[in-house]
Novice: 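Following this message is one structure expressed as structure tokens.
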Amino acid sequence: MIIKTNILNPVSQQKAEFIPEVFISISRGKISSISKATLSHDFIDHSDLICIPGFIDTHVHLSQFYIRGSHSPTLLHWLNTYTFIEEFRSKEPDFARKVAQDFFRDSIKKGTTTSVIYTAPLKQACDIAFEVAQNLGVRAVIGKTMMDSGCPDFLKENTNTSFKESVELFEKWNKKTDLLEYVFSPRFALTSSAELMQLIGDFAKANDAFIQTHLSENHEEIKTTLQLFPDCESYTAIYRKYNLLGPKTILGHVLHVDDNEIDILRETKSKVAHCPDSNFFLKSGMFPLKRLQEAGIDLALASDVAGGTSLSMLNVMKMCSFRQNDYVVSPQEAFYYATLGGAKVLGKEDIIGSIEEGKDADLVFIKNPDQNKYNCSELLSKLIYVNEEVEIISAMVAGRKMF
Ligand code: GUN
Ligand code: ZN
């Protein structure tokens with residue numbers, strides 16, 4: 001397949017490029033060449049569109065899709081009032097299938113081709129999410145949320161059962177196809193026993209598996225967590241103690257961390273999912289973007305639906321910029337965190353995140369607001385800040401058209 005189009009690509013944290021009128025050749029799901037000319041007359045003409053790499057959402061809760069926009073004053077109130085009850089609804093297989101289908105369809109319509117997902121703390125719901133992802137052909141890293149303490153009884157798992165079921169899901173689904181991987185997903189320290197965290201940490205390290213959890217999102221959460229683990233000097237130190245940190249660990253939020261905690265994140269090469277829309281919505285606080293960046297920590301953007309209100313990564317980019325009071329986030333930087341930066345967080349920057357020869361063809365085509373008028377920077381600025389007017393025309397994952 002050959003497509004004539006215009007490429008808008010992330011290059012680095014501060015740089016993007018606009019390459020007009022090129023031919024992208026796709027063979028066996030990969031970009032085999034990008035050239036200024038083609039000898040073939042058989043190409044798809046998308047020269048009126050702009051091609052960007054598919055977005056990567058590094059932290060999102062599939063089973064919470066229907067409760068977007070349920071207003072609450074704080075995180076813990078929101079979890080107890082809406083979230084746990086909603087996640088329990090996925091106990092019904094039909095419901096679990098419907099929410100997974102609706103989630104993935106909306107996600108791909110919004111240009112996201114890779115998602116890092118928490119499902120409800122129910123084995124079958126996670127299994128169904130994988131099935132739906134496989135059938136649709138999307139790229140996803142999926143894990144069953146784990147909770148064995150400090151949560152309502154209707155969702156509380158037995159420690160060993162929680163671990164065993166996650167291992168079974170890992171063995172069934174991890175790398176089952178090129179597009180699917182498993183992520184061990186202890187919700188956060190408040191709902192995890194020390195024993196559960198240690199089991200997960202040790203198993204994931206021994207099996208080179210992803211781990212995801214929440215870290216330091218809300219002041220009340222932090223205070224209660226530190227009371228539960230009095231022998232640890234910080235929230236981050238709890239996760240270090242139980243072997244949860246490392247280069248394949250993605251920590252959501254990371255708002256109220258001190259310099260010692262940032263040192264731990266850097267030393268362990270842990271990754272950070274920044275969820276600005278959710279941080280706004282739940283009044284959780286401002287993300288220390290500059291401090292984490294200066295410490296050299298890999299970070300990327302995430303919707304955190306349903307703490308976040310939308311699966312649109314264009315909206316998340318806008319919130320990333322709006323949520324910083326002193327630091328100016330350029331459109332190029334926000335774009336990087338939603339694409340190539342996300343790939344780096346996943347250790348997949350050689351496969352996805354930008355449009356380059358040899359990478360998988362995870363491509364999104366959008367209507368060009370005005371090709372003649374905008375340069376790269378103006379174009380990106382328009383896409384991010386006037387995102388409600390952006391028309392996403394089609395998307396493909398590994399060369400396969402999704403819509
Ligand atoms: N902390 C623990 N669980 C959650 C969740 O589901 N959403 C958010 N935003 N924070 C959490
Ligand atoms: Zn979350």
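Just so you know, ligand 1 is whichever comes first in the structure, and atom 1 is the first atom listed for that ligand.
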Novice: Any atoms of ligand 1 less than 4.0 Å from a non-hydrogen atom of F188? List them with their elements.
Specialist: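 Under 4.0 Å from F188, ligand 1 has these atoms: 1 (N), 2 (C).
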
Novice: If we set the cut-off at 4.0 Å for heavy atoms, which region of W78 has an atom near ligand 1: side chain, backbone, both, or neither?
Specialist: side chain

Novice: If you measure only the distance, is there a donor-acceptor pair under 3.5 Å linking the side chains of S321 and Y385?
Specialist: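 S321 vs Y385: donor-acceptor pair found between side chains.
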
Novice: Any side-chain heavy-atom pair from F280 and F322 closer than 4.5 angstrom?
Specialist: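 Result yes, sub-4.5 Å side-chain heavy-atom pair found.
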
Novice: Heavy-atom contacts with D304 under 4.0 Å: which atoms of ligand 1 show up? List them by number with element.
Specialist: 8 (C), 9 (N)

Novice: Would you check if there is a donor-acceptor pair between the side chains of D202 and N243 at a distance under 3.5 Å?
Specialist: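 Their side chains do contain a donor-acceptor pair, which is all the 3.5 Å distance test asks for.
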
Novice: Determine the interplanar angle of the F43 and F23 rings, folded into 0 to 90°, and report it as parallel if under 30°, tilted if 30 to 60°, perpendicular if over 60°.
Specialist: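 Judged by the thresholds at 30° and 60°, the geometry between F43 and F23 is perpendicular.
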
Novice: Give a yes/no on ligand 1: does Q64 have at least one heavy atom closer than 4.0 angstrom to it?
Specialist: yes

Novice: Would you list the atom pairs, donor with acceptor, under 3.5 Å between side chains in residues 88-100 and any protein atom, with sequence neighbours excluded?
Specialist:
| from | atom 1 | to | atom 2 | distance (Å) |
| --- | --- | --- | --- | --- |
| R89 | NH1 | E86 | OE1 | 3.0 |
| R89 | NH1 | E86 | OE2 | 3.3 |
| R97 | NH1 | E131 | OE1 | 3.2 |
| R97 | NH2 | E131 | OE1 | 3.3 |
| K98 | NZ | D102 | OD2 | 2.7 |

Novice: Just to be sure I read this right, does ligand 1 sit under 4.0 Å from the backbone of T191, its side chain, both, or neither, counting only heavy atoms?
Specialist: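 For T191, no heavy atom sits under 4.0 Å from ligand 1.
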
Novice: Nearest heavy atom to atom 8 (C) of ligand 1: which of M147, R187, E217, H59 does it belong to?
Specialist: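 Considering heavy atoms of M147, R187, E217, H59, the nearest to atom 8 (C) of ligand 1 sits in E217.
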
Novice: For ligand 1, which atoms, with element, lie under 4.0 Å from some heavy atom of L75?
Specialist: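 Result: 8 (C), 10 (N), 11 (C).
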
Novice: Show your working on side chain to side chain contact (heavy atoms under 4.5 Å, CB included) between T339 and S354 and close with a plain yes or no.
Specialist: CA-CA 7 Å; T339 53; S354 59; over 6 Å; no

Novice: Specify side chain, backbone, both or neither for E221, according to which of its non-hydrogen atoms lie closer than 4.0 Å to ligand 1.
Specialist: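 Looking at E221 and ligand 1, no heavy atom falls under 4.0 Å.
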
Novice: Is it true that, when you exclude K36 itself, more than 12 heavy atoms of the residues, nucleotides or ligands shown sit nearer than 6.0 Å to its NZ?
Specialist: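 More than 12 within 6.0 Å, yes.
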
Novice: Could you list the atoms of ligand 1 found under 4.0 angstrom from a heavy atom of H61?
Specialist: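 Counting atoms of ligand 1 from 1, those under 4.0 Å from H61 are 5 (C), 6 (O), 7 (N).
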
Novice: Check for me: within less than 2.8 Å of the Zn ion (ligand 2), which protein N/O/S atoms show up?
Specialist: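 Listed by chain and number, the nearby protein N, O or S atoms are H59 NE2, H61 NE2, H214 NE2, D304 OD1.
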
Novice: What is the closest protein heavy atom to atom 4 (C) of ligand 1, and at what distance does it sit?
Specialist: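 That would be H214 NE2, 3.5 Å.
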
Novice: When the ring planes of Y182 and F184 are compared, do they come out parallel, tilted or perpendicular, using 30° and 60° as the limits?
Specialist: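 It falls in the perpendicular class, over 60°.
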
Novice: Counting only heavy atoms closer than 4.0 Å, does ligand 1 sit against the backbone of L190, its side chain, both, or neither?
Specialist: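 Neither; no heavy atom under 4.0 Å.
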
Novice: Can you tell me if NZ on K248 sees more than 12 non-hydrogen neighbours from other groups inside 6.0 Å?
Specialist: yes

Novice: Once the angle between the rings of F65 and F103 is folded into 0 to 90°, is it parallel (under 30°), tilted (30 to 60°) or perpendicular (over 60°)?
Specialist: perpendicular

Novice: Could you check whether H214 and H59 have their ring centres less than 6.0 Å apart?
Specialist: yes

